[in-house]
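Everything numeric in this text was worked out from a predicted model, so none of it was measured. Residue numbers start from 1 in every chain, and the chains themselves are labelled A, B, ... in the order their sequence lines are given, proteins ahead of strands.
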Amino acid sequence: MIEIKDLFIKFPGFALENINLSIQDGEFFMLLGPTGAGKTLILEAIAGIVPITGGRILVKEKEITRLPPEQRGTSIVYQDYALFPHLSVLKNITYGLRYHRNNPNTSKKRVAWLMEQLGLQPLVQRSIHNLSGGEKQRIALARALAVNPSVLLLDEPLSALDPNFREDIRDLLKKLHQEVETTFLMVTHDFAEAMFLGERMAVLNDGKIDQIGPVHEVFHKPATPFVAKFMGIKNVFHASFRNKKARVNNLELHLQSPPGENKCYVAIRPEDIIISKNGTSGNDINSFQGKVMGITDRGLYFEVSAGTGNVIFRVMLSKNDFFKLELQKNKDIHISIRSSAIHVF
Amino acid sequence: MVTKKKIDPFFWIAVFSTVTVVGFILFPLTEMVLQPSVQDLKDSISDPDVLSSIGLSIYTSGMAALISFLIGTPFAYLLARKNFFGKKLVESIIDLPIMIPHPVVGIAILGLAGKNHWLGQLMQQVGIQIMGTVTGIVTVLTFVGLPFYVNTVKAGFEAIPVRLENISRSLGASLSETFLRVTFRLAWRSMLVGIIMCSARAISEFGAVVIVAYHPMIAPVMIYERFTAYGIKYSQPVAVWLIGVSLMLFLLLRICSLPKENQT
């Protein structure tokens with residue numbers, strides 16, 4: 001278990017404050033946040049690379065706050081691979097073995113197993129120059145796991161990769177995590193990666209944690225407007241509530257259940273809003289007449305701004321649906337939203 | 001319609017200044033190298049005084065570079081990796097020897113080594129003498145050469161991503177093991193270049209050495225002596241030999257420091 005208690009790191013112009021995290025043994029935990037939120041700083045604080053101003057860090061109930069990096073049992077993998085340029089592939093992978101008093105046979109087996117899992121055997125004697133990004137990242141992973149760390153820290157390991165390599169490494173990470181006992185803690189700014197890989201996640205916003213929870217819970221039930229927007233929810237509105245109704249400007253939305261106390265926002269995922277020619281009806285469906293205000297081609301899908309009254313919804317439409325509906329600007333449409341798709345917080 | 005390509009006047013200014021600068025440096029030097037006859041060169045290199053002065057020049061600059069390597073490397077590493085209060089001040093202190101007039105360096109060192117200073121008295125008791133000794137020459141050469149070593153190697157350390165060291169530490173290597181297995185292995189070329197820079201600076205030093213030790217005579221002092229005693233004709237051949245031998249050495253070190261083709 002990794003426990004971070006009241007972690008506080010101060011730099012000129014930036015501070016990481018009140019970071020409290022507890023990560024289970026063997027968990028795949030994601031730290032999410034935009035650039036500059038302090039994600040990497042948390043990883044490097046756990047690894048012992050950046051000095052911390054206050055707080056405690058425990059790994060497996062052992063306090064490591066004041067230990068030098070080499071005594072922490074935390075391996076780190078960076079976005080830019082950080083392979084040793086003067087060493088061959090094999091020497092990179094086996095770099096740390098001499099510092100871990102294992103039975104040489106066990107280490108050898110582990111390295112062989114890792115190389116097989118990561119498909120590295122054909123590269124063993126190569127120099128690390130002229131390898132692809134995907135190959136380099138697999139070597140970095142093998143090197144980090146070869147020493148059997150209790151925690152593997154992954155600093156945006158997929159961000160620098162081409163899209164096709166990215167999926168490979170992403171799948172490999174998932175597979176490796178299932179096979180080894182190491183706890184994985186990964187930093188990313190991509191919620192799709194977090195959804196695919198993570199079990200739980202924490203969302204970081206400007207040096208503070210906004211929300212911690214299972215990935216699906218954070219995805220579907222964000223706790224702050226920041227988290228909602230970060231999870232790709234493009235429709236976040238201030239709202240007032242009465243019984244099972246929410247009012248956004250002068251638009252009334254029926255909710256599935258009474259909202260409870262102290263709520264001030266509604267959030268609706270752009271893919272949960274339905275646009276149709278004739279409208280849909282049903283008990284639990286909010287339906288409005290509206291107009292297409294704008295259309296943006298996003299490559300894989302269309303984003304349509306659909307206005308009703310003085311509220312504008314952003315809607316995600318597949319290309320297929322888009323052409324079927326023959327949408328164009330200022331066209332009259334129906335906007336439907338299931339009441340179960342409205343998240344209140 | 002074909003329009004004539006217009007060349008900006010700045011291009012011609014740049015060409016003119018390039019030719020001027022290169023010519024200004026190379027013209028006097030090549031003339032000096034070409035003026036002595038082959039016989040003059042032969043005569044001067046068979047003179048044991050000339051040989052020993054060139055030898056002493058190379059030895060003392062080499063020692064200065066070695067000392068700079070030993071004491072300058074950890075210092076350069078610290079400057080490259082750590083931020084601390086007063087770092088800017090320390091960085092300007094290391095540049096001081098570059099700015100101080102050379103004879104002043106010699107006078108400053110002598111002032112410490114004299115009988116009236118406690119350090120001089122201490123050194124006398126241990127048997128170290130600065131005035132008129134090889135030790136004295138190496139001391140002033142280290143003084144003037146050290147900044148060139150430290151600045152070069154500091155830049156070399158800075159060019160190595162700190163992440164490589166972080167990775168090494170996290171894999172279990174201590175700070176010193178990391179330095180030996182990663183940093184040193186990646187920075188040795190810049191250390192070699194630093195050694196070249198430092199000894200090049202040292203071998204060309206005259207003003208500080210002539211104050212501390214006229215004898216034993218290093219090559220620049222001998223060149224100066226021949227010039228004042230016998231005139232330009234007799235000083236030139238020694239200068240040519242000094243330049244020739246140093247160029248060969250620097251070229252050799254430079255070749256060693258070139259990266260292998262598959263390691264760019």
- Item | Atom NZ of A/Lys108: over 12 foreign heavy atoms under 6.0 Å | no

- Under 4.5 Å to a heavy atom of chain B? For A/Asp155 that would be side chain

- Task: Pick one of side chain, backbone, both or neither for A/Ile76, based on which atoms fall under 4.5 Å of a heavy atom in chain B.
- Result: both

- Spacing of CD belonging to A/Gln79 relative to CZ belonging to B/Arg163, to within rounding of 0.5 Å: 7.0 Å

- Message: Does atom CZ (B/Phe10) have a neighbourhood of more than 12 heavy atoms from anything else shown, all under 6.0 Å?
- Response: no

- Heavy atoms from other residues, nucleotides or ligands near NZ of A/Lys109 exceed 12 (cutoff 6.0 Å): no

- Task: Could you tell me which non-hydrogen atom of B/Val182 sits nearest to which non-hydrogen atom of A/Tyr95, and how far apart they are?
- Result: CG2-OH, 3.3 Å

- Would you find more than 12 non-hydrogen atoms of other residues, nucleotides or ligands less than 6.0 Å from A/Glu61 atom CD? no

- Query: chain B heavy atoms under 4.5 Å from A/Glu44: which part of the residue, side chain, backbone, both or neither?
  - Reply: side chain

- Please report the shortest heavy-atom distance between B/Arg181 and A/His86, naming the atom on each side. O-NE2, 2.9 Å

- Task: Would you mind checking which part of A/Leu83 comes under 4.5 Å of any heavy atom in chain B, side chain (CB onward), backbone (N, CA, C, O), both or neither?
- Result: backbone

- Side chain, backbone, both or neither: which part of A/Ala144 has a heavy atom under 4.5 Å from chain B? backbone

- Could you list which of residues 164-175 of chain B have a heavy atom closer than 4.5 Å to any heavy atom of chain A, in residue-number order? B/Leu164, B/Asn166, B/Ile167, B/Ser168, B/Arg169, B/Ser170, B/Leu171, B/Gly172, B/Ala173, B/Ser174, B/Leu175

- Residue by residue, which of residues 52-80 of chain B have a heavy atom closer than 4.5 Å to a heavy atom belonging to chain A? none

- Message: Using a 6.0 Å cut-off, check whether atom CZ of B/Arg81 has over 12 heavy atoms from anything other than its own residue.
- Response: yes

- Would a 4.5 Å heavy-atom cut-off, applied to side chains only, mark A/Tyr99 and B/Glu177 as touching? yes

- Note on the structure: Honestly, the part of A/Arg143 sitting under 4.5 Å from a heavy atom of chain B is both

- Would one find more than 12 heavy atoms of other residues, nucleotides or ligands at under 6.0 Å from atom CE of B/Met248? no

